[in-house]
Amino acid sequence: MRVNKLIGEVNWEKNGGIVPVVVQDTKGEVLTLAYMDREALRKTLETGYAHYYSRSQGRIRMKGEVSGNVQRVKEVRIDCDSDALLLIVEQRGAACHTGNYSCFYRKLGEPERVLPVDYSLTILRELEELIRARKEKPVEGSYTSRLFEEGRERIYKKFGEEAIEVLVAETRDRLIYETADMLYHLLVLLVYNDVALGEVMAELRRRRG
């Protein structure tokens, strides 16, 4: 009941059902600008972890669900017109997809600074471990845990959908984004079947020989 009351304080109509969300850490550094709809705010309030609405994807995502760079929400503030929110969060890892701590890491006119790419399997192994943990010990509000709860049909369907998204991606950025989604869902599929990533790597090594 309290969650519904809090959601009702936001002016959702002004911007067509979504509101901008400024996110800063507990030390005051601004991390990113995101968006929420009613359901994203509900999940955020109920789980204590930031969930955002992706306008390009038309769906809700828990921040860091795939990367592990989650945002634990300490406080939610609303602006004077009730049409924007401010989250105060404990940030784990980097908030920006470039690997930088904040999305606002550069001044206007400065070049982009993408951190060196890690070509090892470290990130995939870490993601595999996170996915396996969500399977063995479900977490409320976790997208990964929900996939395992819904079972084989849902997991296989999602992987198929993401593979198609890769095929129809029209821009370089979209191709990168959708490929990351596909790899995540492939790992979910493998973990569901108790297949370790190392087994796949061993098969690739065998073929190379």
Side-chain angles (χ1 to χ4, degrees), residues 1-97 100-105 126-127 129-151 154-155 157-158 161-162 177 180-181 184-185 188:
M1 190 66 177
R2 173 173 166 75
V3 169
N4 290 334
K5 183 177 183 300
L6 293 174
I7 293 173
E9 293 182 12
V10 181
N11 183 350
W12 299 104
E13 286 66 38
K14 186 173 182 179
N15 293 305
I18 62 172
V19 295
V21 183
V22 177
V23 186
Q24 71 178 48
D25 67 14
T26 53
K27 296 180 181 179
E29 181 169 359
V30 176
L31 301 177
T32 191
L33 173 67
Y35 296 87
M36 284 185 180
D37 62 2
R38 287 180 175 84
E39 189 58 25
L41 179 56
R42 180 184 302 281
K43 288 181 179 294
T44 297
L45 294 172
E46 289 178 347
T47 67
Y49 287 91
H51 288 68
Y52 302 119
Y53 176 78
S54 170
R55 295 176 298 167
S56 60
Q57 294 291 302
R59 58 186 177 186
I60 298 167
R61 290 177 176 271
M62 175 180 166
K63 174 66 175 176
E65 173 67 29
V66 173
S67 67
N69 298 334
V70 297
Q71 295 175 340
R72 186 169 181 81
V73 179
K74 307 300 292 184
E75 190 173 341
V76 180
R77 299 185 183 184
I78 190 168
D79 83 333
C80 56
D81 293 322
S82 301
D83 60 359
L85 298 172
L86 169 66
L87 296 191
I88 311 297
V89 304
E90 287 182 351
Q91 174 67 47
R92 179 187 299 175
C96 184
H97 74 281
N100 291 283
Y101 180 66
S102 168
C103 293
F104 297 96
Y105 63 85
E126 291 176 349
L127 182 54
E129 290 174 4
L130 175 64
I131 291 170
R132 184 169 287 108
R134 293 292 186 267
K135 176 186 178 184
E136 295 173 353
K137 295 182 179 179
V139 174
E140 184 178 356
S142 165
Y143 172 69
T144 305
S145 294
R146 189 164 70 250
L147 281 176
F148 285 116
E149 290 171 3
E150 293 174 346
R154 177 62 171 166
I155 290 171
K157 180 180 179 182
K158 282 302 299 180
E161 291 174 352
E162 297 302 339
Y177 186 92
D181 264 1
Y184 159 74
H185 285 89
V188 171

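Positions are given from 1 along the sequence. Keep in mind it's a predicted model, so treat the numbers as computed, not measured.
- Judged purely by atom type and a 3.5 angstrom limit, D25 uses its side chain to pair as donor or acceptor with the backbone of E29.
- Annotation: the span from R72 atom CZ to T26 atom OG1 amounts to 12.5 Å, rounded to 0.5 Å.
- The nearest pair of heavy atoms linking M36 to W12 is O-CZ3, 3.5 Å.
- Here the side chains of L45 and I7 are in contact, with some heavy-atom distance below 4.5 Å.
- For the pair E9 and R38, the salt-bridge criterion is not met [side-chain N within less than 4.0 Å of a carboxylate O].
- Annotation for V30 and S102: closest pair O-OG, 2.6 Å, computed over non-hydrogen atoms.
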Practice task
Apply side chain to side chain contact (heavy atoms under 4.5 Å, CB included) to L87 and V22, showing your working.
Solution key: CA-CA 6 Å; L87 296 191; V22 177; over 6 Å; no

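- Under the 3.5 Å distance criterion, the side-chain polar atoms of T144 are left unmatched by any main-chain donor or acceptor of I131.
- No side-chain heavy atom of L6 sits less than 4.5 Å from a side-chain heavy atom of N4.
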Exercise for the section: Check the pair I155 / F148 against side chain to side chain contact (heavy atoms under 4.5 Å, CB included), numbers first and verdict last. Expected result: CA-CA 7 Å; I155 290 171; F148 285 116; 3.9 Å; yes

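- A donor-acceptor pair under 3.5 Å links the side-chain atoms of N69 to the main chain of A94, judged by distance alone.
- Within the cation-pi definition used here (under 6.0 Å to the ring centroid, within 45° of the axis), R55 qualifies as a partner of Y35.
- Scanning both residues, Q91 and L31, for their nearest heavy atoms gives OE1-CD1, 3.6 Å.
- Here the OH-SG distance, from Y101 to C96, works out to 12.5 Å after rounding to the nearest 0.5 Å.
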Handout entry: salt bridge (charged side-chain N to carboxylate O under 4.0 Å, His left out) assessment of E161 paired with K158
Key = CA-CA 5 Å; E161 291 174 352; K158 282 302 299 180; 3.4 Å; yes

Exercise for the section: Go through the steps for R61 and E39 under the test salt bridge (charged side-chain N to carboxylate O under 4.0 Å, His left out), then give the verdict. Expected result: CA-CA 11 Å; R61 290 177 176 271; E39 189 58 25; over 6 Å; no

Practice task
Test side chain to side chain contact (heavy atoms under 4.5 Å, CB included) on K63 and V89 and set out the steps.
Solution key: CA-CA 11 Å; K63 174 66 175 176; V89 304; over 6 Å; no

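- Here the CG atom belonging to L41 is positioned 11.0 Å from the OH atom belonging to Y52, to the nearest 0.5 angstrom.
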Handout entry: Step-by-step side chain to side chain contact (heavy atoms under 4.5 Å, CB included) determination, R77 to L85
Key = CA-CA 6 Å; R77 299 185 183 184; L85 298 172; over 6 Å; no

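- Residues Y184 and L147 approach most closely at OH-CD1, 3.9 Å, considering heavy atoms.
- Residues D37 and I60 form a side-chain contact, since some pair of their non-hydrogen atoms from C-beta on lies under 4.5 Å apart.
- The main-chain N or O of C103 is never found under 3.5 Å from a side-chain atom of N100 such that the two would form a donor-acceptor pair.
- With a 4.5 Å cut-off on side-chain heavy atoms, N11 and D81 do not count as touching.
- Among residues two or more places apart in sequence or in another chain, the side chain to side chain contact (heavy atoms under 4.5 Å, CB included) test is passed with V70 by Y49, M62, R92.
- Atom OG in S142 sits 7.5 Å away from atom CG in L130 (nearest 0.5 Å).
- Taking the charged nitrogens against the carboxylate oxygens, R59 and E162 do have a contact shorter than 4.0 Å, which makes a salt bridge.
- Between the side chain of S145 and the backbone N or O of V139 there is at least one donor-acceptor pair closer than 3.5 Å.
- Without hydrogens or angle criteria, D79 side chain to D83 main chain gives a donor-acceptor distance under 3.5 Å.
- The distance from the CZ atom of R146 to the CZ atom of R134 is 12.5 Å, given to the nearest 0.5 Å.
- Across E149 and P138, no two heavy atoms sit closer than the pair OE2-CB, 4.1 Å.
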